[in-house]
Structure formats: C-alpha cells, structure tokens
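Let me begin by presenting the structure, written as structure tokens, before commenting on it.
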Amino acid sequence: MTRHGKNCTAGAVYTYHEKRKDTAASGYGTQSVRLGKDAIKDFDCCCLSLQPCRDPVLTPDGYLYEKQAILEYILHQKTEIAKKMKAYEKQKQVQKSDSHLESRSEERERAERFKTKENSIVSKPINPFTSGQTKDGVSAKADSLNTASGSASSSKADSSAAGPSSAQSLPSFWIPSLTPEAKPTLLKKPSKAVLCPMSGRPIKMNELITVRFTPLDPSLDRVALLTRQDRYVCAVTKDTLGNSVPCSVLRPSGTVVTQECVEKLIKKDMMDPVTGDKLSERDIIPMQRGGTGFAGSGVDLKAKEARPVMQV
C-alpha cells in the first residue's frame with residue numbers, strides 16, 4: 001500500500017478505513033476504542049480510589065480495596081439505604097391513611113344512599129270503611145293521574161339536574177383545570193444489603209480479608225517502593241507480581257502468592273506456607289487483576305461510546 005493509500009478517494013471500493021473515518025466525523029453511530037496499558041489500573045491498586053493500597057483488603061470475590069475507602073463506601077451506602085427506607089415507610093403510612101379515608105367515605109356514601117331509599121318509601125293509611133274503587137272509578141283514575149304526574153315531574157327534575165352539569169362540563173383539554181397531572185412515583189422497598197461496587201454482590205465488613213504483600217526490597221520505604229514498577233513478589237517463589245501474573249490470596253494469613261505456586265505446591269498438602277494452617281478450596285481466593293494492554297490477556301479492553309443512529 002502506498003503512502004496515501006488509506007486516504008485514496010479514487011478507488012471503486014468503499015474501504016473499511018474510509019467507513020470508520022466517515023463514521024467518526026459524522027457524529028453518529030457507536031464508537032469503540034481499544035484501551036492501552038495506561039488506562040488500566042495495577043493489580044495492587046484500589047478499585048475505588050485507583051491508587052496503590054496502603055492498607056489493602058480483599059472481598060470474597062477477589063476485588064482489592066483500600067480499607068478506609070471501602071469502609072467509607074459501606075457506611076455511605078447504609079446511610080442512603082436508611083434514607084430510602086424512611087421515605088418508603090412514609091409513603092406506606094400515606095397510602096394507609098388514604099385507603100382508610102376512602103373506606104370511610106364509601107361507608108358514608110352507602111349510609112346516605114340507604115337513607116334516601118328509606119325516605120322515599122311512604123306508607124298511606126287505609127280506611128277500612130271506604131272501598132278502593134267508586135262507582136265511576138274516579139279514585140283509580142286519580143291515582144293513575146297522580147302517578148303519571150309524579151313520574152313526569154321526576155323526569156323533568158332529572159333533566160333539569162342533568163342539564164346544568166352537562167352545560168358546566170369543559171370539553172377543552174387545554175384548560176389548566178383539565179390538564180392531566182403526573183402521579184407521584186411509587187417507591188419500591190429498598191434492599192438492606194450493601195452491594196460491592198465491582199461485583200454487585202452483597203458485601204459485609206466482617207468478610208473483608210486483610211492482604212499482606214511481600215515487597216521486592218524490604219529496605220525501601222513506601223514512597224520509594226511506589227515509584228518502582230515492580231513492587232511486590234510472591235511470598236513463596238519470590239516471583240515478581242504484576243497484571244500479567246495470576247495471583248491468589250490465602251485467607252488465613254492474607255499472603256499473596258502466584259497461581260502457579262498454588263497449583264504446583266500449595267494444593268499438594270493444602271497447608272498455608274506462612275502460618276501452617278490447614279486450607280480448603282474456599283480459603284484460596286484468586287485476585288481480580290487488570291489487563292496488560294494485549295488482547296490475549298483475557299480482559300475486555302474496549303471502551304464504547306453510544307451515539308445516535310440514523311435509521312431510514
């Protein structure tokens with residue numbers, strides 16, 4: 001390919017490079033960029049502060065945190081959960097009072113309807129000395145006329161009562177009194193468990209494991225140690241630790257060893273090489289480490305930016 005082969009515009013084929021270049025310049029479509037080594041934290045850095053840990057602790061899932069940072073996070077989350085629970089209880093009390101008022105209003109309406117029905121029932125005394133019908137049937141006709149006039153008057157009253165209500169109704173939806181109102185958002189009951197910011201699983205203070213790294217040069221102080229790229233070694237084999245070396249932490253002692261040491265030495269007798277305690281599979285916790293910048297490290301090193309997409 002020539003020097004300006006990628007920017008050639010006279011070709012008959014719309015190349016992949018030209019497509020990516022036009023997509024980046026258009027402002028549409030999702031963009032993905034590979035991350036380099038500088039964008040990945042070191043294996044001995046805190047997952048919250050992204051700085052080398054002074055007092056490191058490990059979660060059962062293998063994520064490393066600074067002790068002060070993770071304790072502040074747990075306390076902050078507990079405070080937020082208490083606030084959410086208080087708001088939820090307040091909403092629950094409001095709903096309970098509203099339902100109580102609705103039930104009382106329904107009972108009141110039911111009693112009013114019963115009273116109106118009972119008041120409409122009128123009993124007429126019967127005269128035992130007079131018959132219900134006369135010779136000319138005048139009383140029967142009078143009763144029929146009375147019932148007809150009563151029904152007509154009631155229909156007129158109903159129509160007159162319905163007339164103003166229909167006239168007073170406002171069909172215009174843009175009038176402020178008829179605009180729909182947004183109902184308050186119902187809060188869900190918050191969970192009392194504090195979740196790990198990395199794994200999303202419940203985390204507790206008593207489950208944190210203190211980690212003890214073995215420095216490469218014990219004579220160096222902390223400042224001089226942090227300036228070096230290779231800072232820690234395996235406690236057993238003295239191999240240099242880094243993002244490219246799989247590591248594990250032994251729960252009883254908090255010692256950091258390489259995964260190769262675990263497979264070849266520790267799993268033979270399942271004994272902690274520092275304290276001599278008996279180990280189980282649960283006591284060997286693999287550390288979650290960052291990538292190395294290479295795709296073969298097994299870590300997703302791509303960053304994606306979601307942008308609007310034009311669809312035809």
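In this structure, the side chain of Asn243 engages the main chain of Lys41 through a donor-acceptor pair within 3.5 Å. Side chain of Gln91 to backbone of Leu187: a donor-acceptor contact under 3.5 angstrom is found. A donor-acceptor pair is defined here as one N or O able to donate and one able to accept, closer than 3.5 Å; no such pair exists between the side chain of Glu66 and the backbone of Ser49. At least one donor-acceptor pair under 3.5 Å links the side chain of Ser105 to the backbone N or O of Glu102. Remark: side-chain polar atoms of Arg212 are paired, donor with acceptor, to backbone N or O of Ser253 under 3.5 angstrom. No donor-acceptor pair under 3.5 Å is formed between the side chain of Asp55 and the backbone N or O of Lys67. Proximity of a side-chain donor or acceptor of Asp42 to a complementary backbone N or O of Asp44 within less than 3.5 Å is not detected. For Thr275 (side chain) and Asp272 (main-chain N/O), no donor-acceptor pair under 3.5 Å exists by modelled atom type.
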>> Using the rule given for side-chain contact (heavy atoms from CB on, under 4.5 Å), can you reason through Gln68 versus Arg54, listing the C-alpha separation, both sets of side-chain angles and the distance that settles it, and then say yes or no?
In response: CA-CA 9 Å; Gln68 181 180 356; Arg54 183 184 298 270; over 6 Å; no

> Can Asp239 and Val233 be said to form a side-chain contact (heavy atoms from CB on, under 4.5 Å), step by step?
Replying inline: CA-CA 5 Å; Asp239 293 335; Val233 296; over 6 Å; no

> Could you go step by step and tell me if Val236 and Leu265 meet the side-chain contact (heavy atoms from CB on, under 4.5 Å) rule?
Replying inline: CA-CA 9 Å; Val236 178; Leu265 300 177; 4.1 Å; yes

> When you look at Leu64 and Cys45, which way does the side-chain contact (heavy atoms from CB on, under 4.5 Å) test go after all the steps?
Replying inline: CA-CA 7 Å; Leu64 192 71; Cys45 292; over 6 Å; no

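Taking 4.5 Å as the limit, every side-chain heavy atom of Val257 sits out of range of all side-chain heavy atoms of Cys247. Side-chain contact between Cys234 and Val256 is absent, with no heavy atoms from C-beta onward closer than 4.5 Å. Put simply, the side chain of Glu107 reaches to within 4.5 Å of the side chain of Arg110, judged on heavy atoms.
Residue pairs meeting the salt bridge (Lys or Arg N to Asp or Glu O under 4.0 Å) criterion with at least one member in residues 242-253, sequence neighbours excluded, are Arg251-Asp283. Counting only residues at least two apart or on different chains, no salt bridge (Lys or Arg N to Asp or Glu O under 4.0 Å) pair has a member in residues 83-96.
In this structure, Tyr65 OH and Leu48 CG are separated by 5.5 Å, a value rounded to the nearest 0.5 Å. Rounded to the nearest 0.5 angstrom, Asp217 CG and Arg231 CZ are separated by 14.0 Å. One distance of note links CG of Leu71 with NE2 of His76; it measures 14.5 Å at 0.5 Å rounding. In this structure, Ile74 CD1 and Leu195 CG are separated by 11.0 Å, a value rounded to the nearest 0.5 Å. Of the inter-residue distances, the one linking Gln77 atom CD with Ile70 atom CD1 reads 9.5 Å to the nearest 0.5 angstrom. Once rounded to the nearest 0.5 Å, the distance linking CG of Leu241 with CE of Met287 reads 8.5 Å.
Residues Val262 and Val249 do not share a hydrophobic cluster, clusters being chains of Ile/Leu/Val/Met/Phe/Trp/Tyr side chains in contact below 4.5 Å. Cluster membership for Tyr63 and Ile285, using ILVMFWY side-chain heavy atoms within less than 4.5 angstrom, is not shared. By the criterion of side-chain heavy atoms lying less than 4.5 angstrom apart, applied directly or through intervening Ile, Leu, Val, Met, Phe, Trp or Tyr residues, Val57 is not grouped with Phe43; the two fall into different hydrophobic clusters.
Closest approach of Thr15 to Glu18, counting heavy atoms only: OG1-CG, 3.1 Å. The two residues Cys47 and Leu50 have their closest heavy-atom pair at O-CD2, 4.0 Å. Nearest heavy atoms, Glu281 versus Met270: N-CE, 4.0 Å.
Side-chain contact check for Gln259 and Ser248: at least one donor-acceptor pair (N or O, by modelled atom type) lies under 3.5 Å.
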Pairs of donor and acceptor atoms involving the side chains of residues 198-211, under 3.5 Å and at least two apart or interchain, shall be tabulated with distances.
from	atom 1	to	atom 2	distance (Å)
Ser199	OG	Asp61	OD2	3.0
Ser199	OG	Arg201	N	3.4
Arg201	NH1	Asp61	OD1	3.3

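Ion pairing between Glu112 and Arg108 fails under the 4.0 Å rule for side-chain N and carboxylate O.
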